[in-house]
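Inspection log for the structure reproduced underneath, given as structure tokens.
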Amino acid sequence: MEQVRLNIDGVEVTTTPDRTILEAAREVGIRIPSLCYDRRMDPFGACRICIVEVEGARGLLPACATRVTDGMVVRTNTEELRRIRRTIIELLLSDQPRDCMTCESAGNCELQDLAYEYGVKESRFSGEQHHYEVLADNPLIERDYDKCILCGRCIRICREVQGVGVYDFVNRGFEAVPGTPYNRPLTETPCGLCGPCVSPCPTGGSVSLPPKGEGRPCCCMNQQEAVGS
Ligand code: SF4
Ligand code: SF4
Ligand code: FES
């Protein structure tokens with residue numbers, strides 16, 4: 001296959017044109033943060049945490065949704081990018097319950113990891129917060145949309161990998177959440193409770209019920225299969 005050469009953070013990278021900047025960076029060990037990206041699914045480009053600078057581009061570009069081109073020069077970790085990422089993290093945290101002490105996903109939460117990495121303790125932003133009812137309408141999966149960051153990974157894995165398509169975004173704007181048709185319980189949809197929609201959730205928006213309260217996943221199980229990061 002045709003090869004392209006680009007420069008990422010000073011590293012010369014040779015890869016194929018079907019790669020995104022994020023994938024090409026990871027091939028050479030350069031980590032660009034991500035939340036809505038999942039290597040098993042098509043790029044979604046929703047969270048913007050993966051923004052990078054590309055010389056000659058008119059603005060910052062999402063690394064997960066931008067294909068590499070020959071001669072590209074990319075910077076992934078400038079002070080300006082880190083400042084913007086901190087703001088994105090703060091905005092996400094401003095609408096989170098921040099109950100990490102008892103959250104089933106603490107220690108296995110990509111948003112928590114990013115807050116740690118970027119030194120975000122508090123959010124400067126305050127505003128209306130969601131207070132959804134926790135959905136435990138089946139024996140296996142609990143959904144707590146107060147923790148949902150609308151990354152769409154649960155929706156997309158069910159549709160693109162499992163080929164079922166139980167969820168889609170319902171409602172608009174501030175009220176948007178992943179939901180079932182007519183908000184039916186999962187047991188009244190084609191859902192087979194197979195479970196892959198739980199593992200990619202980067203927060204505690206969707207968790208497995210059986211181990212709830214009986215111990216969190218071991219850190220060595222953390223999201224490797226789900227994130228590809
Ligand atoms: S349990 Fe399986 S079928 Fe049900 S929503 Fe999740 S991925 Fe889709
Ligand atoms: S429930 Fe989790 S995986 Fe689904 S959209 Fe919300 S944050 Fe993403
Ligand atoms: S990981 Fe690229 S936009 Fe979310």
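Note that ligands are numbered from 1 as they come in the structure, with each ligand's atoms numbered from 1 the same way.
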Could you pull out every donor-acceptor pair under 3.5 Å between side chains of residues 168-180 and any protein atom, sequence neighbours left out?
from: D168; atom 1: OD1; to: R159; atom 2: NH2; distance (Å): 3.4
from: N171; atom 1: ND2; to: E175; atom 2: O; distance (Å): 3.2
from: T180; atom 1: OG1; to: R184; atom 2: N; distance (Å): 2.9
from: T180; atom 1: OG1; to: R184; atom 2: O; distance (Å): 2.6

Please state whether L193 comes within less than 4.0 angstrom of ligand 1, counting heavy atoms only. yes
Do the side chains of E55 and R75 get nearer than 4.5 Å, heavy atoms only? yes
Look at the side-chain heavy atoms of Ile, Leu, Val, Met, Phe, Trp and Tyr, link any pair under 4.5 Å apart, and say whether L92 and L60 land in one connected group. yes
Can you list the ligand 3 atoms lying under 4.0 Å from a non-hydrogen atom of A46? 3 (S)
Which atoms of ligand 3 sit under 4.0 Å from any heavy atom of S34? 1 (S)
So, is the end of the R156 side chain (NZ or CZ) under 6.0 Å from the ring centre of F44 and within 45° of the ring's axis? yes
Protein N/O/S atoms closer than 2.8 Å to atom 6 (Fe) of ligand 2: C148 SG
Side chains of E12 and N7: is there a donor and an acceptor less than 3.5 Å apart? yes
Which residue supplies the protein heavy atom nearest to atom 2 (Fe) of ligand 1, what is that atom called, and how far is it? C194 SG, 2.2 Å
Which of the ligand 1 atoms, numbered from 1, are nearer than 4.0 Å to a heavy atom of I141: 1 (S)
P62, C151, C47, G45: member with heavy atom nearest to atom 1 (S) of ligand 3: C47
Proximal atoms of ligand 1 relative to G195 (non-hydrogen, under 4.0 Å): 1 (S), 2 (Fe)
Under 4.0 Å from one or more heavy atoms of Y167, ligand 1 contributes atoms 5 (S)
For L22, which part has a heavy atom under 4.0 Å from ligand 3: side chain, backbone, both, or neither? neither
Can you tell me the protein heavy atom closest to atom 6 (Fe) of ligand 1 and the distance? C197 SG, 2.3 Å
Can a donor-acceptor pair be found between the side chains of T203 and Q96 at a distance below 3.5 Å? no
What protein heavy atom lies closest to atom 4 (Fe) of ligand 1? Include the residue and the distance to one decimal. C191 SG, 2.3 Å
Going by the order shown, which atoms of ligand 3 are within less than 4.0 Å of some heavy atom of Y37? 1 (S)
At less than 4.0 angstrom from any non-hydrogen atom of L35, what atoms of ligand 3 do you find? 1 (S)
If you have a sec, work out which protein heavy atom is nearest atom 8 (Fe) of ligand 1 and how many Å separate them, to one decimal? C158 SG, 2.3 Å
Option passing side chain to side chain contact (heavy atoms under 4.5 Å, CB included) with Q112 (candidates P202, C100, C103): C100
At under 4.0 Å between heavy atoms, what of A63 touches ligand 3? The answer is neither
